[in-house]
Amino acid sequence: MRNVLTIAGKELRGFFVSPMGWVIMGLFALLFGYFFMAHLTYFVQQSMQAQGGGPININQFMIRPLLQNVALINLFLLPMITMRAYAEEKRSGTIELLLTSPVTDLEIILGKFLGAIGFYAALLAVTMLYIGILFAFGNPEWRPVLTGYFGLLLMGGCFLSVGLFISSTTKNQVVAGAATFVVFLLLWIISWLGQSAGPAMASVLDYLSIVWHFDDFGKGVIDTKHVIYYLSFITFGLFLTMKSVDTERWRG
Amino acid sequence: MIEVQHLTKRYGPFTAVDDVSFRVEQGEILGFLGPNGAGKTTTMRVLTGYMPATEGAATVAGYDVFAAPIEAKRRTGYLPETPPLYPDMTVREYLTFVAKLKLPASVTKAERVSRIDAVMAKTRVADMANRHCTKLSKGYKQRVGLAQALIHDPEVLILDEPTAGLDPKQIIETRDLIRSLAGDHTVILSTHILPEVSQTCQRVVIINRGRVVAIDTPDNLTRQLKGSATLYVQVDTAGADAAAALSGLSGVRLVSELDRHEQAVGFEISAEADRDVRRDVARLVVDKGWGLLEMRPLRLSLEDIFLQLTTDESAKPSASDAPVVTQAPPDPTPGDGAQSAPESEQPHA
């Protein structure tokens, strides 16, 4: 565990001492800010029109779609978090240090995953500033916000575990980044096929789609079905990473 | 301290290391010598647990590197060919990170800091402690790499070309440092620079195309192959028949003219095995009334041996040459060049 934390600390530090981490954070805040503005304007218009029927629910009409949009931002920005993870170590040769130190492959992988998810959590923390504004000027319910963020963390974890795996297969950061983006996109749009594949197939494909599982979290519901899906997805991603690191060892 | 038995590593159809066996005693410095691509780095990577071997076994400090990799790694310091530095860390941050990974959990923070200071002093990088690794010169990078390998005071040090890319002064300093480490540590270092081996190492493994072709001390290797059996003689005012006269001496096998400056002529004289022809040569020179300018035994430099052993054409030493492997390891399995016991000398029934 100590080794995991040492490596996680090194990874996390790597984001904040290089411009890259700050650039990603800035872009994340920028995109989230744009969505925030767009949703807020829409929400204000809606509540004006709905004056007769009393105030409309800010959780349902503002926060939930906003958090769902984070999934879209993740699609573009999370590949940049993981693309370096292994590719850069392999290119610069520092992987030789890690693999010849008295730590196990699993400790290295968990450390890298923890570092990546830590940075992602920092990104989410920035977005909480915007949500804070809503709390300052309105009175949204905090529980659905919390479950929403919990869901985002799990969803991000899935993306990051896949990204880690892809990064472990190549020396080239750009290849890792591009491939990760494509895989994320496929995991997102896999449910589109369902519309033409019949109801049975549709529910299977829906189930595979990473984003579909997020819906309930946004509504304030923590369904174990979704938690288990996300956790098993992450475990599978890390398992693939481990196999890939092992294979690389044999191949040299 | 280090024992390698029948180690083989294949990459697909390509055999990088082929049935290599050797052992290194405690406190010894072993030189790993071979042309580029001979399998030096691969062997070292197997020993450090970076990659598994296809066949064979390796033990470091009493631990099998395949069965107990963590224990073996705890006792091994490794400097890869390119020092594995993180560019955005300062030297101190980097060594702190490595120390956290390599030192046992029982070490306190204060002990860790003093350990880092001690290693930085030993490798003379303390003045760069707060500089980022990316801004270091090649010499400093190499030394920080060495500091990284030493941080947990390992019993075994494995250094892949520790002096590559350094300037002459740094090379001497690094060699001195490595020599000072022997005794406390067991060292394997690889190089393709030959003087380095004769100056630093107590024993040499010459490896070519993945096979061990010779294992011995640098001195023995140099002496063994031709040794005192060859003389260099320079004379002046000698007639054109000088070479023929020298050839006529008993025990002289071959005379060839090496150089000629005005009156002075230099000859290389090969004697038959175990014959000392120096007295006869000196007497002949005096009798003939030539001036004797120089006479010295010709030793093959390590370079010549290396080329002989690793170049195919001259891989097999001639019949009169002694075997290359004199201090045989438990099972040396020597390669082509070392299978030198000539059939003609072995009585057939």
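Note that this is a predicted model, so its numbers are computed, not measured. Within every chain, numbering begins at 1; the chains are lettered A, B, ... in the order of the sequence lines, protein sequences first and strands thereafter. Heavy-atom basis, side chains included; hydrogens, waters and symmetry copies ignored.
- Applying the 6.0 Å contact sphere to NZ of Lys171(A) captures no more than 12 heavy atoms from other residues, nucleotides or ligands.
- Of the two parts of Glu89(A), only the side chain, counted from C-beta on, holds a non-hydrogen atom closer than 4.5 Å to a non-hydrogen atom of chain B.
- Distance alone, capped at 3.5 Å, places no donor-acceptor pair between the Thr8(B) side chain and the Asp18(B) backbone.
- Only the backbone of Pro104(B) comes within contact range of chain A, judged by heavy atoms closer than 4.5 Å.
- Aromatic ring pairs are classed by plane angle as parallel below 30°, tilted from 30° to 60° and perpendicular above 60°; the pair Tyr11(B) and Phe14(B) is parallel.
- When heavy atoms are compared at a cutoff of 4.5 Å, Ala16(B) does not approach chain A at all.
- Proximity to chain A involves both the backbone and the side chain of Tyr86(B), based on heavy atoms less than 4.5 angstrom apart.
- Taking the six-membered ring where tryptophan is involved, the planes of Phe35(A) and His39(A) are tilted, since the angle between them lies from 30° to 60°.
- For chain B, the nearby part of Val17(A) is the side chain; its heavy atoms alone come within less than 4.5 Å.
- Neither the backbone nor the side chain of Leu47(B) comes within contact range of chain A; no heavy atoms are under 4.5 Å apart.
- Neither the backbone nor the side chain of Glu71(B) comes within less than 4.5 Å of any heavy atom in chain A.
- Only the side chain of Leu98(A) comes within less than 4.5 Å of a heavy atom in chain B; its backbone stays farther off.
- The aromatic rings of His226(A) and Trp212(A) stand perpendicular to each other, their planes meeting at an angle above 60°, with 30° marking the opposite boundary.
- Under the 30°/60° scheme for interplanar angles, the aromatic rings of Tyr130(A) and Phe36(A) are found to be tilted.
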